[in-house]
Amino acid sequence: MNWNLTPAEAIQLQKELKEKIDIRPFPGPIQKIAGADISYNKNDDTIYAGIIVLDYETMEPICRSTIIDKMRFPYIPGLLSFREIPSLYAAWEALEEKPDILAMDGHGINHFRRLGVATHFGLISGQACIGIAKNHLTGTYEEPGPKRGSFSNIIDQGEKIGYVLRSRDQVKPVWVSPGHRVSMEQSLEIALHCSRGLRIPEPTRQAHLMVNELRRGEIEAGVKSF
DNA sequence: GCGACAG
DNA sequence: ATCTTGTCGC
């Protein structure tokens, strides 16, 4: 696909892709889940991207794919996918064992045009995805209770677009939404299932640690099985 | 026009 | 996202 777009063209593409979003329930059991994230240095257009696949029950790593690439699009709120997906998709294609669900660092349909990075990736890959973000982007919600597991709905234009989830007692919540091919309720269940004592759910947390090791030269780019 | 705005 | 050590609090 063509990633050489202007911001205006990217917005137009999002409006077209919006019609193809599918948030019907993901069928079948979930045995493997993956986390995707990117990292980079300030004042440098090198991007370090990676995806790590974990066992859904134990959260132990199964395999990974990392790549060192070049940024081709600036960071613009609402257009994050155009900056991150080209590199992440290359890592995805090289990944030996695909997961049932892919969790991405960022939002899914919790987005002004319903096209967060997790939704966009799901649409171009056909992969079931959810978005797990560390900050608010759009919509309104009530502050969830202080205990792990409490959550509240995020509403935008009268539409429910995701949840604010307390993934651990007494810490800042995380923002969860379906990306593609996963239902609203499933996105919440999955995010909570993957929250194992720390604020950030394991898939994106491990992906974050991995791409930072890649950026610091502590691991090599490429594929690996554990 | 003003404010908000993932990573 | 990244720049960065110690420190306060559960």
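Letters go in sequence order (proteins before strands), and every chain restarts at 1. Computed from heavy atoms alone, side chains included, the values below leave out hydrogens, waters and symmetry copies.
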**Asked** Within the structure, does a side-chain N or O atom of A:N135 lie under 4.0 Å from either OP1 or OP2 of B:dC5?
**Response** no
**Request:** Would you kindly give the NZ-to-C1' distance between A:K134 and C:dT2, to the nearest whole Å?
**Result:** 12 Å
**Request:** Locate the shortest heavy-atom distance separating A:R166 from A:P173; write the atom from each residue and the value.
**Result:** NH1-CD, 3.4 Å
**Message:** Considering every strand and a 4.0 Å limit on heavy-atom distances, what is the contact class for A:D44: base, sugar-phosphate, or nothing?
**Reply:** nothing
**Prompt:** Atom CZ of A:F112 to atom C1' of B:dA6: distance rounded to whole Å?
**Reply:** 8 Å
**Asked** A:N212 has an atom CG; how far is it from atom C1' of B:dG7, in whole Å?
**Response** 13 Å
**Complete:** Closest to the 5' end of DNA chain C, once A:Q170 and A:R215 are matched to their nearest nucleotides, is A:R215
**Complete:** A:H107 NE2 to B:dG7 P, in whole Å, measures 6 Å
**Request:** Answer with base, sugar-phosphate or nothing: what part of the nucleic acid does A:I47 contact at a heavy-atom distance below 4.0 Å?
**Result:** nothing
**Message:** Under 4.0 Å, heavy atoms only, any strand: does A:N110 hit a base, just the sugar-phosphate, or nothing?
**Reply:** nothing
**Asked** Can you find a pair of side-chain heavy atoms, one from A:K98 and one from A:W92, that are under 4.5 Å apart?
**Response** yes
**Complete:** When rounded to whole Å, the CG to C1' distance for the pair A:L165 and B:dA6 reads 17 Å
**Asked** Does a side-chain heavy-atom distance below 4.5 Å link A:I62 with A:E97?
**Response** yes
**Prompt:** Which part of the nucleic acid does A:H136 contact within heavy-atom distance under 4.0 Å: base, sugar-phosphate only, or nothing?
**Reply:** sugar-phosphate
**Request:** Report the nucleotide, chosen from C:dC3, B:dA6, C:dA1, that has the shortest atom-to-atom distance to any side-chain atom of A:H111.
**Result:** B:dA6
**Message:** Taking 5.5 Å and 30° as the limits, would you call A:Y75 and the base of B:dG7 a stacked pair?
**Reply:** yes
**Request:** Quick one: label A:H208 by what it contacts on the DNA or RNA (base, sugar-phosphate, nothing), any heavy atom closer than 4.0 Å.
**Result:** sugar-phosphate
**Message:** Using whole Å, what does the distance between atom P of nucleotide B:dA6 and atom CG of A:D105 come to?
**Reply:** 12 Å
**Asked** Rounded to whole angstroms, how far apart are CG on A:L80 and P on B:dA6?
**Response** 9 Å
**Prompt:** Do the side-chain N or O atoms of A:S39 get closer than 4.0 angstrom to the phosphate oxygens (OP1, OP2) of C:dT2?
**Reply:** yes
**Prompt:** Can A:T204 and A:D105 be said to form a side-chain hydrogen bond (donor to acceptor under 3.5 Å, both in side chains), step by step?
**Reply:** CA-CA 6 Å; A:T204 50; A:D105 193 328; 5.5 Å; no
**Asked** Can you tell if the side chain of A:Y56 reaches within under 4.5 Å of the side chain of A:E202, non-hydrogen atoms only?
**Response** no
**Request:** Measure from CD1 on A:I76 to C1' on B:dG7 and round the result to the nearest Å.
**Result:** 13 Å
